[in-house]
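As structure tokens, the structure follows; a few thoughts come after it.
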Amino acid sequence: MTTPGPRTSLDGGLERDLAAFAALAPRTPEGGAPAGGPLLVASDFDGVLAPLGDDPLASRPTAAAAAALARLAALGPDRVRVALVSGRRIEDLARLASPPVGALLVGSHGAETGEVLAPAPEGGPAGGPGAAGGEDRTGIAPGARSHVRADGTTARVRLVPVELDDAQATLLDRVTQGLEEIAAPVEGAWVEHKPSAAVLHTRLSPQPAADEASAAAARLGDELGAHAMTGKNVVEIAVTSTSKGIALDALRTRLGSPAVLYLGDDVTDERAFAVLGAADLGIKVGPGETLARRRVTDPAKAARALTTLADLLGA
């Protein structure tokens, strides 16, 4: 058992909601398999598990968040599945977040999916929850490669490749070129390239140039008939229709989860909060309007919530 994280107090209402959520975990009858699917515990990465910073490649989960996720994942795939749902490229997410074995990964706001597998035994195939033969309960096909992660460990990550048709590939080229032209004259602005999207970043840009560039990027998406999403100091233009909400619903369906916990801090996380039902629990991290039922102030409190859930589940 991992030592619980720092005892940052939580709102009483949130503690009650976490207890109610934990009570929905499937029980294992003596000598039998758990009845029903596992709880799904999903979270954004930046601003939730990791504090926001100016250098996106320097992001790391807090020690408390990493420990809580490891404890939850260790409960086993029949009781709890952990998922990271991010706007980042999935390979960057797998490397920087260093998620535990068994974690499900959703990158590029749902366009990319994958899973962290156990290390391959000598001379044998990679292992992991549901990894034996064909597709597993997550619908993720076999095939994995090793990645050295930010915490210095090596993990095998199974990724589902993104495939674009000719029209989507042509549109992505136009989106990328347009964003590069918008970013070029703006100090600190840069364009991130994803398999099915391009993203304008303006966190390091001065005002009002940052807001003007973001507005131009949103207009570009509309003009090209692509899918523009505005977040904190970013505008992402995708050539496929997806969202964190669509991705979260897909995970719930594939796992047969009776309830979902989702933590998020960004505007794009509102699409995930929007698909939660009465048995689910949404936790907004930080300020701003939200559809989430509960709110915590910062990543430290988010880690405290995950640690409390691990305690309640006996991890």
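This structure is a prediction, so every number in the text was calculated from the model and none was measured. All residue numbers in this chain count up from 1 along the given sequence.
- For the residue pair Ala302 and Val296, the shortest heavy atom distance occurs at N-CG2, 3.9 Å.
- Linking Ile, Leu, Val, Met, Phe, Trp and Tyr whenever their side-chain heavy atoms come within less than 4.5 Å puts Val285 and Leu18 in one cluster.
- One finds the NE2 atom of His227 at 11.5 Å from the CG atom of Asp222 (value rounded to the nearest 0.5 Å).
- Under the 4.0 Å criterion applied to side-chain N and carboxylate O atoms, Asp265 and Lys232 are assigned as salt-bridge partners.
- In this structure, the side chains of Ile283 and Leu14 come closer than 4.5 Å at one or more pairs of heavy atoms.
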Stepwise side chain to side chain contact (heavy atoms under 4.5 Å, CB included) test for His201 and Asn233: CA-CA 6 Å; His201 289 260; Asn233 305 299; over 6 Å; no
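- Val239 and Val106 fall into different hydrophobic clusters, where Ile, Leu, Val, Met, Phe, Trp and Tyr side chains are chained together by heavy-atom contacts under 4.5 Å.
- To the nearest 0.5 angstrom, Asp17 atom CG is 4.5 Å from Arg293 atom CZ.
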Audit row: Leu306, Leu72, side chain to side chain contact (heavy atoms under 4.5 Å, CB included) steps and yes/no: CA-CA 8 Å; Leu306 291 170; Leu72 290 167; 4.2 Å; yes
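- Take Tyr262 and apply the ring pair (Phe, Tyr, Trp, His ring centres under 6.0 Å) test, not counting sequence neighbours, and it matches Phe273.
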Verdict with reasoning, Leu10 to Lys301, per side chain to side chain contact (heavy atoms under 4.5 Å, CB included): CA-CA 7 Å; Leu10 293 177; Lys301 287 287 184 68; 4.2 Å; yes
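- Using a 4.5 Å heavy-atom threshold, the side chains of Leu281 and Leu276 count as separate.
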Working for side chain to side chain contact (heavy atoms under 4.5 Å, CB included), residues Val157 and Leu105: CA-CA 9 Å; Val157 180; Leu105 305 177; 3.9 Å; yes
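- Between Gln177 atom CD and Leu172 atom CG the span is 11.5 Å, to the nearest 0.5 Å.
- Counting heavy atoms from C-beta outward, Ile90 and Ser108 have side chains that stay 4.5 Å or more apart.
- We find the NE2-OG1 distance between His109 and Thr268 to be 5.0 Å, quoted to the nearest 0.5 Å.
- Across all their heavy atoms, Ala183 and Leu200 have their closest contact at CB-CD1, 3.7 Å.
- The salt bridge (Lys or Arg N to Asp or Glu O under 4.0 Å) contacts involving residues 36-58 comprise Asp44-Lys244, Asp46-Arg88, where partners must be two or more places apart or lie in separate chains.
- Scanning for salt bridge (Lys or Arg N to Asp or Glu O under 4.0 Å) contacts around Asp266 gives an empty result, with sequence neighbours left out.
- Residues Val191 and Val234 fall into different hydrophobic clusters, defined by Ile, Leu, Val, Met, Phe, Trp and Tyr side chains chained together at heavy-atom separations under 4.5 Å.
- Residues Thr202 and Trp190 form no side-chain contact, since every pair of their non-hydrogen atoms from C-beta on lies 4.5 Å or further apart.
- Using a 4.5 Å cut-off between side-chain heavy atoms of Ile, Leu, Val, Met, Phe, Trp and Tyr, with links allowed through other members, Val275 and Met229 fall into different hydrophobic clusters.
- If you check the side chains of Glu270 and Thr290, you find a donor sitting under 3.5 Å from an acceptor.
- For the pair Pro26 and Asp78, the minimum side-chain heavy-atom distance is 4.5 Å or more.
- Residue pairs satisfying the salt bridge (Lys or Arg N to Asp or Glu O under 4.0 Å) criterion with at least one member in residues 198-218, sequence neighbours excluded, are absent.
- Other residues sharing the hydrophobic cluster of Ile246, ordered by chain and number and joined by side-chain separations under 4.5 Å: none, the residue standing alone.
- Asp280 has a carboxylate O that lies under 4.0 Å from a charged side-chain N of Arg252, or vice versa, which qualifies the two as a salt bridge.
- In the hydrophobic clustering of ILVMFWY residues, with side-chain heavy atoms under 4.5 Å counting as a link, Phe21 and Leu312 come out together.
- Across Ile182 and Ala213, no two heavy atoms sit closer than the pair CG2-O, 3.7 Å.
- Between Asp269 and Lys284 no salt bridge is recorded (no basic side-chain N to carboxylate O distance below 4.0 Å).
- Going from atom OG1 of Thr113 over to atom CG of Leu251 covers 8.5 Å, rounded to the nearest 0.5 Å.
- Pairs engaging residues 163-189 under the salt bridge (Lys or Arg N to Asp or Glu O under 4.0 Å) rule: none recorded [sequence neighbours left out].
- Nearest heavy atom pair, residue Ala279 against residue Leu24, reads O-CD1, 3.8 Å.
- The pair Asp92-Arg89 counts as a salt bridge, with a side-chain nitrogen and a carboxylate oxygen less than 4.0 angstrom apart.
- The environment of Glu289 atom CD is sparse: at most 12 non-hydrogen atoms of other residues, nucleotides or ligands sit within 6.0 angstrom.
- Salt-bridge formation is detected for the pair Glu115/Arg81: a Lys NZ or Arg NE/NH1/NH2 atom is positioned less than 4.0 Å from an Asp or Glu carboxylate oxygen.
- Closest heavy-atom contact between Leu96 and Ser59: CB-O, 3.8 Å.
- Residues Thr240 and Ser196 approach most closely at OG1-OG, 3.8 Å, considering heavy atoms.
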